Number of protein chains: 2
Amino acid sequence: MAARDYGQYSGVTRALELVGERWAMLIVRDLLVGPRRYGELASGLHRIPSNILAARLKELQAAGVIRRAPRSRVIVYELTPYGRELEPVVLALGAWGFKALDDPRDEQLVTPESMTMDLRTAFRPLVAAALPATAYAAHLGSSELLIRVDGAALDVSQGEGAADLAFTAGPDILRLISGELAPALALSTGAIRVLDGRRDLLDRFASTFHLAA
Amino acid sequence: MAARDYGQYSGVTRALELVGERWAMLIVRDLLVGPRRYGELASGLHRIPSNILAARLKELQAAGVIRRAPRSRVIVYELTPYGRELEPVVLALGAWGFKALDDPRDEQLVTPESMTMDLRTAFRPLVAAALPATAYAAHLGSSELLIRVDGAALDVSQGEGAADLAFTAGPDILRLISGELAPALALSTGAIRVLDGRRDLLDRFASTFHLAA
DNA sequence: CCGCATCCCATGTGATACTG
DNA sequence: CAGTATCACATGGGATGCGG
C-alpha cells in the first residue's frame, strides 16, 4: 500500500504523502486526544469502513506517525513523538474549517474527540486567564465531556466529574462557539439545556471558547 | 462533484471536505505564491492529470477557496481572502513534512512554487534580522528564483535580478536547509554550484533558511 | 465481542486523446 | 492554451465473515 507519490521533493508533498489520504488526518486528530483502541477509533469515526481503518493504521505506522502499544492486555494506538508534532496542523486546519461550518445536518455527529479538538482550537487563553477557574460538564449524546478551565490552562477529559455548569450539547454547541448562536437564544430555544449550575455561566463558556466566522 | 462527507460536524472534517481531496492542497500552495493560469498550475504540478486539475479548480471555486479572475485577456486563478487563510495550514504542513524528507529521487522535481513555499517555511526572521540584507538568485532547472532577504522580511519572486550570490539549485538545496548537507560539502561535491558571488554567502543562506530534521 | 480480513460494487483517479 | 471526453484501473464504501 505505497502512498501515492506527487513527484515533487518538497515539504508539503511529503506531508501529504504521509497523512494526506482520506481519513488519515482524522485518525491523527482523534489520537491527539489520547491513545485509542481499534474499536474506539472505529466508533469515533463512525462512517469509516473497517478495511480502510485497518489500512490507514498500517500506513500511519509505516510512516512513523502512530504506533501500536500494549496497555495491560489490550492494544492501543498512539501517536509517536513525530506524530504529535501534527498538532499545529490539525489545529490550524480545524480553525480554518470551523469558519466554513454551515448549519448542522441531522446525520452529522459531534464526537467527544472532535469536540475536544474543536474546544482546543477555540480556546482563548488570554480571556480565560481573566476569569475564575470553571469546570463545565457537556453531555454529548451518550458520552460526557469534563471541561476544566483554570487560568490559561485547558483540560478536556471524558467521563463524569464535578462541574460548575452541566449542559446538554448537540451540534449547536459549535454554533454557540462561532457566535452564530447567542447563549440566551440557545437556552430559550432549547438548543442547549442546562442540567445543573448557574445558567449565566454559559456566557462565560461562550467567551472562553470563541472562534468567529 | 459533492465533496464526500465525513458525517461529523466539526472544524477539521469541514476543512477536509473542502480541501482534503488529492491535489487540492497543492493547488492552494501554488496559488499562495501568486495567481496562476491553468497551464502554469498544470506544469507546476506536472503529474496532475488535466481532468483532475479541472475538477479540483471547480470544486475549490464552489468551496469559496479560489476564484477565476480575468487579467488583461487571460484567465487566472487566485485565492479568495478565505483561501488565503489557509497559509498557516500549508506552512505547518510543510514544516512537518520537511522533517520527513529522505534523499531525493531522480524523478522528484523542485518547482519554483514548491521551493518558494519551502523557503517561507524555513525562513528564520530572527536570524535574518541580525544579518545584512542579501539577495540570492537560485537557478532551478529552467527557472530562476530571486530571494531577497532584508532584515526580518523575505521576498521570493520568479525571474532575473541582481543578487549577491547566484547558484544552481537541485533537490539537494532542501537537504542544505535541513542541515543534512553542509554548505562546504554541497559545494565540494558539486551538489550546489556557485555561478556568481562570494561562495561563503552560502553559509549565510543556510543559516537564514533552516528547518532541522 | 474485538480486531481485523474478504468480497463486491460504486466512485474517484490517471493516462491519453481530443476539441473550441 | 484551456480545458473536455473516454476508458482502464485503483481506491473507497458497505456488508459480511472469522479467528482469538
Side-chain angles (χ1 to χ4, degrees), chain A residues 1-8 13 16-28 30-31 35-63 66-78 107-109 142, chain B residues 1-8 13 16-27 30-31 34-63 66-78 107-109 142:
Chain A
M1 185 80 58
R4 277 175 303 173
D5 185 15
Y6 285 105
Q8 291 189 353
T13 51
L16 292 175
E17 285 162 8
L18 296 179
V19 294
E21 303 284 307
R22 188 163 164 79
W23 294 107
M25 198 70 92
L26 293 179
I27 294 172
V28 171
D30 284 6
L31 291 182
R36 289 289 184 275
R37 301 177 56 168
Y38 182 94
E40 294 171 327
L41 289 169
S43 62
L45 304 169
H46 70 288
R47 298 249 308 244
I48 195 174
S50 62
N51 57 342
I52 299 295
L53 176 56
R56 291 292 172 275
L57 290 174
K58 280 183 186 167
E59 294 161 12
L60 289 172
Q61 281 178 79
I66 69 172
R67 71 164 75 102
R68 286 166 60 112
R71 282 278 196 287
S72 64
R73 308 281 299 168
V74 299
I75 297 278
V76 296
Y77 293 90
E78 62 182 14
E107 5 135 5
Q108 292 187 305
L109 302 182
S142 55
Chain B
M1 185 82 56
R4 276 176 303 173
D5 185 14
Y6 285 104
Q8 292 189 353
T13 51
L16 293 175
E17 284 163 9
L18 296 178
V19 294
E21 302 285 306
R22 187 165 163 77
W23 293 106
M25 198 69 93
L26 293 179
I27 294 172
D30 284 7
L31 292 181
R36 289 289 184 274
R37 300 177 57 170
Y38 182 93
E40 294 172 328
L41 289 170
S43 62
L45 305 168
H46 69 289
R47 298 249 308 244
I48 195 174
S50 61
N51 56 343
I52 299 295
L53 176 56
R56 291 292 171 274
L57 290 173
K58 280 183 186 166
E59 294 160 13
L60 290 172
Q61 280 177 80
I66 69 174
R67 71 164 77 102
R68 285 165 59 111
R71 283 278 194 284
S72 64
R73 305 283 299 168
V74 300
I75 298 277
V76 296
Y77 293 90
E78 61 182 15
E107 7 136 1
Q108 292 188 305
L109 301 182
S142 55

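Since the structure is predicted, the reported quantities are computational estimates derived from the model, not experimental observations. Computed from heavy atoms alone, side chains included, the values below leave out hydrogens, waters and symmetry copies. Quick note on labels: first sequence line is chain A, next is B, and so on, each numbered from 1.
B/Arg68 has its CZ atom 10 Å from the P atom of D/dA2, to the nearest Å. In this structure, the CG atom of A/Leu53 is 18 Å from the P atom of D/dT11, given to the nearest Å. As a whole-Å value, the separation of A/Glu107 CD from D/dG13 P is 15 Å. Remark: P of D/dC9 and CD1 of B/Ile52 are 17 Å apart, rounded to the nearest angstrom. One can place CG of A/Leu45 at 15 Å from C1' of D/dG12, the figure rounded to the nearest angstrom. As rounded to whole Å, 14 Å separates atom C1' of C/dG14 from atom NE2 of B/His46. Here the P atom of nucleotide C/dG12 and the CZ atom of A/Arg4 are 13 Å apart, to the nearest Å. When rounded to the nearest whole Å, the span between CG of B/Leu57 and P of C/dT13 equals 14 Å.
Rounded to 10°, the angle separating the first-five-pair axis and the last-five-pair axis of the helix from C/dC1-D/dG20 to C/dG20-D/dC1 equals 30°.
Counting only distance, with no hydrogens or angles, the side chain of A/Gln8 and the backbone of B/Gly44 share a donor-acceptor pair below 3.5 Å. Between the B/Arg56 side chain and the B/Arg22 main chain, a donor and an acceptor come within less than 3.5 Å of each other. For B/Tyr6 (side chain) and A/Leu45 (main-chain N/O), no donor-acceptor pair under 3.5 Å exists by modelled atom type.
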Can you list the steps and then say if A/Thr13 with B/Gln108 is a side-chain contact (heavy atoms from CB on, under 4.5 Å)? CA-CA 11 Å; A/Thr13 51; B/Gln108 292 188 305; over 6 Å; no
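Look at A/Arg22 and you'll find a side-chain N or O under 4.0 angstrom from OP1 or OP2 of D/dG13. For B/Tyr6, no side-chain nitrogen or oxygen approaches OP1 or OP2 of D/dG13 to under 4.0 Å. The side chain of B/Trp23 contributes no N or O atom lying less than 4.0 Å from OP1 or OP2 of C/dT13. Not one side-chain nitrogen or oxygen of A/Lys58 sits closer than 4.0 Å to the OP1 or OP2 atom of C/dG3.
Checking D/dT4, C/dC2, D/dT16 against the side-chain heavy atoms of A/Arg37 singles out C/dC2 as nearest. Taking the side chain of B/Ser50 as heavy atoms from C-beta on, and the options C/dG12, D/dG12, C/dA17, the nearest nucleotide is C/dA17. Closest to the A/Ala54 side chain, of the nucleotides C/dT13, D/dT11, C/dC4, is C/dC4. Taking every side-chain heavy atom of B/Arg56 into account, C/dG12 is the closest of C/dG14, C/dG12, D/dA5.
Counted by atom type alone, A/Arg68 and A/Tyr77 present one or more donor-acceptor pairs between their side chains at under 3.5 Å.
With hydrogens and angles left out, the side chain of B/Asn51 and the base of D/dG3 share no donor-acceptor pair within 3.5 Å.
Considering CD1 of A/Ile27 and CD1 of A/Ile52, their distance stands at 9.5 Å, rounded to 0.5 Å.
Projected onto DNA chain C by closest heavy-atom contact, B/Ile48 and A/Tyr38 fall at different nucleotides, the more 5' of which corresponds to A/Tyr38.
Taking each heavy atom of B/Glu17 and B/Gly7 in turn, the nearest pair found is OE2-N, 4.4 Å. The two atoms that bring B/Gln61 and B/Arg67 nearest to each other are CG-CA, 4.4 Å, heavy atoms only.
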